[in-house]
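Proteins get letters first, then strands, A, B, ... in listed order; numbering begins at 1 in each. The figures here come from the full heavy-atom set of this structure, side chains too, leaving out hydrogens, waters and symmetry mates.
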Number of protein chains: 2
Amino acid sequence: MVVIEDILKKNQLSVTDGRKKILELFISSEGALAHADIEEKTGENFDRVTVYRTLNTFVEKGIIHHIPTTDNSILYALCKDNCEAGHHHDNHVHFICDVCNKTICLDEVTVPTVQLPEGFRPSHAEMVVNGVCGDCK
Amino acid sequence: MVVIEDILKKNQLSVTDGRKKILELFISSEGALAHADIEEKTGENFDRVTVYRTLNTFVEKGIIHHIPTTDNSILYALCKDNCEAGHHHDNHVHFICDVCNKTICLDEVTVPTVQLPEGFRPSHAEMVVNGVCGDCK
DNA sequence: GCATTTTTGCAATAGTGTTGCAAGTTTTAA
DNA sequence: TTAAAACTTGCAACACTATTGCAAAAATGC
Ligand SMILES: [Mn+2]
Ligand SMILES: [Mn+2]
Ligand SMILES: [Zn+2]
Ligand SMILES: [Zn+2]
């Protein structure tokens, strides 16, 4: 669609096949995507390196964000809050379903603040909740 | 010390040099350790594979726990709550200092519960806070 | 001490992510 | 519309992380 090109242009990125396909994938998929998902779902079209570079570019531009995981994998999801290049400010809880294994951005659920010990000063907080998602029961 | 051997025996583990040194390292270090830290601080004594296997064994036995990170590294720290083989139940917030880069278990700070959307059922939650630690200001 | 069980080190293998560079594509501006 | 400039891609090479099978070595239990 035209919308996808607009997002790229708005972020001062050249419009290329790879970027269009990958961005489309994020927009049309519910749940977060790992590098491997992207390689798989775009077909055998793009080099691994291109996918890595595209993901990094999108993160830098504030188009997608990282999601922390307990294992050492990296997941990405579309930013819905209006993040800018160099500064993300989505601040929502992430949910990992133990059944379907999807990772979901709970855009409406804000990460709560906690009382830290004397002398600690927070700058950012992440929260990941595991359990069973709405679709799985 | 004798204490270290006791911890191993209590968990039905053979007492070996590698396990003693690695466990000692966790007990005597404030903050969490990555695989690389352990290789470094034990000297050139142990094979990388042995370190991996020891860490996995300790996690299985409930002696140490994983800490989630935003980058894709794996950190480990001593369990202070009485975790058992196959079932961890430490449930504390982790703090990563942006200055000294240490990762600290805030054993006194419990992960808060959040209100999830209709249909979602939580089983476990993790929280990681970034900022400046007590030592760094 | 000796047999049994467990752990270790090595070699091989797989996965993940980065970099330099030449070739190819997109943008820009004439 | 075109050609130069700017940027992106694919390839090859590399680095780092993690796992497995197997034989040798060490620890345990008697
Ligand atoms: Mn998210
Ligand atoms: Mn901890
Ligand atoms: Zn689910
Ligand atoms: Zn600090």
Side-chain angles (χ1 to χ4, degrees), chain A residues 2 4-25 32-61 63-76 85 101 103, chain B residues 2 4-25 32-61 63-76 85 101 103:
Chain A
V2 182
I4 287 175
E5 297 200 5
D6 287 352
I7 296 174
L8 293 173
K9 282 179 185 156
K10 199 177 305 168
N11 286 282
Q12 296 137 91
L13 292 174
S14 310
V15 177
T16 66
D17 284 2
R19 287 176 178 167
K20 279 194 286 185
K21 275 235 179 93
I22 292 175
L23 183 49
E24 203 164 6
L25 210 59
L33 298 171
H35 176 274
D37 298 324
I38 291 158
E39 275 203 280
E40 194 184 307
K41 290 182 186 168
T42 52
E44 287 301 312
N45 301 322
F46 306 107
D47 192 85
R48 286 162 30 74
V49 178
T50 301
V51 175
Y52 281 117
R53 289 198 268 227
T54 303
L55 290 172
N56 287 340
T57 304
F58 284 3
V59 170
E60 274 160 29
K61 291 292 185 177
I63 299 171
I64 60 177
H65 60 275
H66 270 206
I67 300 174
T69 56
T70 321
D71 62 346
N72 66 330
S73 62
I74 309 185
L75 290 177
Y76 303 89
N101 230 45
T103 297
Chain B
V2 183
I4 287 174
E5 298 199 5
D6 287 352
I7 295 174
L8 293 173
K9 281 178 185 157
K10 199 177 303 168
N11 285 282
Q12 295 138 90
L13 292 174
S14 310
V15 177
T16 66
D17 284 3
R19 287 175 177 167
K20 279 194 285 184
K21 276 235 179 92
I22 293 175
L23 183 49
E24 202 164 8
L25 210 60
L33 298 171
H35 176 275
D37 299 324
I38 291 158
E39 275 203 281
E40 195 185 306
K41 291 182 185 166
T42 52
E44 287 300 313
N45 300 321
F46 305 107
D47 193 85
R48 288 164 43 70
V49 177
T50 301
V51 176
Y52 281 117
R53 288 198 268 227
T54 303
L55 290 172
N56 287 338
T57 304
F58 283 3
V59 170
E60 274 160 29
K61 291 292 186 178
I63 298 171
I64 61 177
H65 60 274
H66 270 206
I67 301 174
T69 57
T70 321
D71 63 345
N72 65 331
S73 62
I74 308 186
L75 291 176
Y76 302 88
N101 230 44
T103 297

Of the candidate nucleotides [options], which contains the atom at the shortest distance from the side chain of [X]?
X: A/Val49; options: D/dA12, C/dG9, C/dT26; answer: D/dA12
X: B/Asn56; options: C/dT27, C/dT6, D/dT19; answer: D/dT19
X: B/Thr16; options: D/dT28, C/dT8, D/dT9; answer: C/dT8
X: B/Phe46; options: C/dG9, D/dT8, D/dA27; answer: C/dG9
X: B/Arg53; options: C/dT27, C/dG9, D/dA12; answer: C/dG9

Round to a whole Å and report the spacing from [atom1] of [X] to [atom2] of [N].
X: B/Asp47; N: D/dA18; atom1: CG; atom2: P; answer: 14 Å
X: A/Glu39; N: C/dG17; atom1: CD; atom2: C1'; answer: 11 Å
X: A/Arg48; N: C/dT18; atom1: CZ; atom2: C1'; answer: 10 Å
X: B/Gln12; N: D/dG29; atom1: CD; atom2: P; answer: 10 Å
X: B/Leu8; N: C/dT7; atom1: CG; atom2: P; answer: 11 Å
X: A/Tyr52; N: D/dA13; atom1: OH; atom2: C1'; answer: 15 Å
X: B/Leu13; N: C/dT5; atom1: CG; atom2: P; answer: 18 Å
X: B/Lys20; N: D/dA26; atom1: NZ; atom2: P; answer: 14 Å

Answer whether the closest heavy-atom distance between the side chains of B/Phe46 and B/Thr54 falls below 4.5 Å. no
Would you say the side chain of B/Asn11 lies within less than 4.5 Å of the side chain of B/Phe58, judging by non-hydrogen atoms? no
Between A/Arg48 and A/Glu39, what is the shortest heavy-atom contact and its length? CG-OE2, 2.9 Å
Residue that, paired with B/Val15, satisfies side chain to side chain contact (heavy atoms under 4.5 Å, CB included) out of B/Asp6, B/Ile7, B/Ile4, B/Leu8: B/Leu8
Verify the ring-centre separation between A/His65 and A/Tyr76: is it less than 6.0 angstrom? no
How do B/Ile74 and B/Lys9 order along DNA chain D: which one's closest nucleotide is nearer the 5' end? B/Ile74
